[in-house]
Peer 1: 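Submitted below is the structure of interest, expressed as structure tokens.
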There are 2 protein chains.
Amino acid sequence: MKAAKKLGYKPNAIARMLITQRSGMVAVIISSTSTLVYPELLSRITEQLSEHNVKVLLFTLDESEQLDELLEQIWVYQVDGVIALAAHFDYRDIAQFEEHQIPVVLYNRQVTNYPVNTVCVDHDQGLKQLVDLLIGGGHKSFLVLSGPTRSDVANERRSLALAHLARHGFEDVPVLYGDFSYQSGKDLFAEWMRDHDAPDAVICSNDSMAIGCIDEARGGQGIKVPEQLSVVGFDGIHAAFWSGYELTTIRQPVNQMAKAAVGILMERIEHPDAPPEKRVLSGTLITGSSARS
Amino acid sequence: MKAAKKLGYKPNAIARMLITQRSGMVAVIISSTSTLVYPELLSRITEQLSEHNVKVLLFTLDESEQLDELLEQIWVYQVDGVIALAAHFDYRDIAQFEEHQIPVVLYNRQVTNYPVNTVCVDHDQGLKQLVDLLIGGGHKSFLVLSGPTRSDVANERRSLALAHLARHGFEDVPVLYGDFSYQSGKDLFAEWMRDHDAPDAVICSNDSMAIGCIDEARGGQGIKVPEQLSVVGFDGIHAAFWSGYELTTIRQPVNQMAKAAVGILMERIEHPDAPPEKRVLSGTLITGSSARS
DNA sequence: GTGAAAGCGCTAACAG
DNA sequence: CTGTTAGCGCTTTCAC
């Protein structure tokens with residue numbers, strides 16, 4: 001040991017991976033936009049993993065067609081597990097992971113009719129709280145600004161918003177589709193106002209769109225928020241708390257969700273036979289000043 | 001080959017790494033806040049690297065004391081190179097990389113009196129443009145809101161702001177220190193206003209602090225921006241362009257910088273003897289409506 | 001041209 | 001308890 005110290009010996013992790021059949025690496029899949037929502041999420045996940053002495057091999061996926069190439073890389077690099085913050089997975093993708101015996105945890109996404117490990121914020125509860133709050137505030141006409149239909153999260157939030165509105169008797173609520181960005185929230189609201197009256201309330205798929213909508217209402221249309229128009233978002237990003245907006249929204253418990261995702265993954269790496277688990281964490285209703293209640 | 005296809009053979013990247021003495025992995029070092037400034041920067045770098053068939057091994061560093069542990073990991077994992085978006089490196093750290101023959105590229109940071117590969121936005125030019133614009137707008141009293149002294153970027157931006165102000169005869173401009181966050185910009189400006197008059201202009205180390213300062217001025221203090229107070233930032237983050245702020249700032253050319261960083265690194269991996277290179281890219285002055293000019 | 005073999009640096013099993 | 005050895009899956013060399 002003395003000699004090793006003196007010579008500055010460092011074990012070679014790659015040789016160790018080869019013999020132990022364990023790479024000690026987990027693939028994390030992000031998109032350009034997934035870090036936009038939660039800049040700190042990736043850091044949290046990395047921290048959690050490094051407490052288990054696991055390294056992060058980062059993959060970005062913006063075009064969903066490239067998923068197959070990405071999966072190739074994952075097999076080749078012999079990662080011990082995968083955490084997906086981006087991408088849409090169908091049951092065939094998940095089956096491939098099972099074949100390769102690589103555990104996967106999906107973040108805020110599901111695979112219909114197929115058991116898979118997921119960590120999700122409680123979208124149903126969150127949208128119920130938001131809709132109930134708006135209904136309680138006496139709002140009668142609504143507009144939904146949704147993220148893109150190719151996004152699992154957008155689809156879930158939109159359909160739940162519509163379902164909860166329907167529960168209160170509001171059917172056929174109009175929906176416009178954007179891309180989760182500030183600009184799309186702004187543009188969609190401007191588009192709506194070109195040939196419609198302002199609704200009482202706008203329900204947005206995320207905070208960025210809600211902020212865009214508020215800026216357009218106040219700046220472009222001269223509509224007072226929340227006096228004349230209520231706007232709600234989802235996520236609880238930093239800007240939602242800025243005093244210029246003070247958004248009414250649902251905050252995702254990012255730290256707990258990161259911890260849960262890593263926990264589930266490490267458990268499956270240790271015990272490959274453990275059955276899939278869905279963990280749903282409640283978000284926190286933030287009663288800001290962008291909506292009357 | 002037919003048999004290989006049929007059996008679904010996938011080469012084992014780890015065995016290949018062992019024999020070729022090339023891991024095909026690059027370590028990227030981020031902090032929780034570095035992704036806050038540019039959510040897309042990490043994606044861009046990852047994309048660029050994957051065009052060279054290089055994978056990203058992600059490291060996060062929030063406490064600078066943990067740099068030594070991190071370096072240990074880097075030696076052990078035999079990465080082919082390192083891109084550092086976070087952390088402060090001194091010449092001894094860089095010397096270690098040289099010993100291990102691992103090329104490094106620093107992003108927006110320097111090592112004094114020591115040759116090292118860096119990619120930087122032109123802070124000097126940027127702050128000159130901002131200060132000249134403010135001087136041209138007739139501002140006579142200034143306040144500087146700086147990031148923390150432990151941050152290389154904050155120190156560089158602060159001292160350049162002060163130097164350019166001095167060049168116009170404004171010495172002893174007051175400085176307050178925060179942590180780059182929205183909240184610190186807001187708090188510092190409130191603190192200043194408790195026992196001082198408002199300055200004509202506030203120069204902030206980044207856009208988040210500038211936005212916090214604007215919100216505090218408008219909301220907390222009832223000061224009109226830009227009529228009574230000019231505020232400038234640095235970076236050109238997304239929110240800087242929101243119509244609620246329209247910040248006057250310098251936009252970093254993130255895409256080009258990501259490309260440059262990866263280019264320099266790949267060059268050093270191919271040719272380990274190439275001398276260190278500093279590449280400085282000009283930012284773009286964004287003349288928003290947060291400052292009179 | 002095809003085929004065999006050495007060896008990358010480690011771990012785990014086993015012998016002394 | 002210390003020391004030796006097989007072998008992880010690949011690339012490269014060298015013999016045929």
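Throughout, protein chains are lettered first and strands after them, A, B, ... in sequence-line order, and every chain is numbered starting at 1.
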Peer 1: Does CZ belonging to B:Arg109 count more than 12 external heavy atoms closer than 6.0 Å?
Peer 2: yes
Peer 1: Choose from C:dG9, D:dC10, C:dC10 the nucleotide whose nearest atom is closest to any side-chain atom of B:Tyr9.
Peer 2: D:dC10
Peer 1: Among D:dC10, C:dT11, C:dC10, which is the nearest nucleotide to the side chain of B:Ala15?
Peer 2: D:dC10
Peer 1: Heavy-atom count check: over 12 atoms from other residues, nucleotides or ligands less than 6.0 Å from B:Arg251 CZ?
Peer 2: no
Peer 1: Given atom CZ of B:Arg22 and atom C1' of D:dG9, what is their separation to the nearest angstrom?
Peer 2: 20 Å
Peer 1: May I ask you to decide if the ring planes of B:Phe97 and B:Trp75 are parallel, tilted or perpendicular, using 30° and 60° as cut-offs?
Peer 2: perpendicular
Peer 1: Round to the nearest Å and state the distance from A:Leu7 atom CG to C:dG9 atom P.
Peer 2: 15 Å
Peer 1: Between D:dC8, C:dC8, D:dT11, which nucleotide has the shortest distance from any of its atoms to the side chain of A:Leu18?
Peer 2: D:dC8
Peer 1: What is the separation between atom CG on B:Asn12 and atom P on C:dC10, rounded to the nearest whole Å?
Peer 2: 17 Å
Peer 1: Take the protein atom CZ of B:Arg16 and the nucleotide atom C1' of C:dC8, then report the distance between them rounded to whole Å.
Peer 2: 14 Å
Peer 1: Can you tell me the distance, in whole Å, between the CD1 atom of B:Ile14 and the P atom of C:dG7?
Peer 2: 23 Å
Peer 1: When you look at OH of B:Tyr114, are more than 12 heavy atoms from neighbouring residues, nucleotides or ligands closer to it than 6.0 Å?
Peer 2: yes
Peer 1: How close or far is atom C1' of C:dG9 from atom OH of B:Tyr77, stated in whole angstroms?
Peer 2: 15 Å
Peer 1: Select one nucleotide: of D:dC10, C:dA12, D:dC8, the one nearest the side-chain heavy atoms of A:Ile19.
Peer 2: D:dC8
Peer 1: Atom CD of A:Gln78 and atom C1' of D:dC8: how far apart are they, to the nearest Å?
Peer 2: 11 Å
Peer 1: Round to a whole Å and report the spacing from CD of B:Gln21 to P of C:dG7.
Peer 2: 14 Å
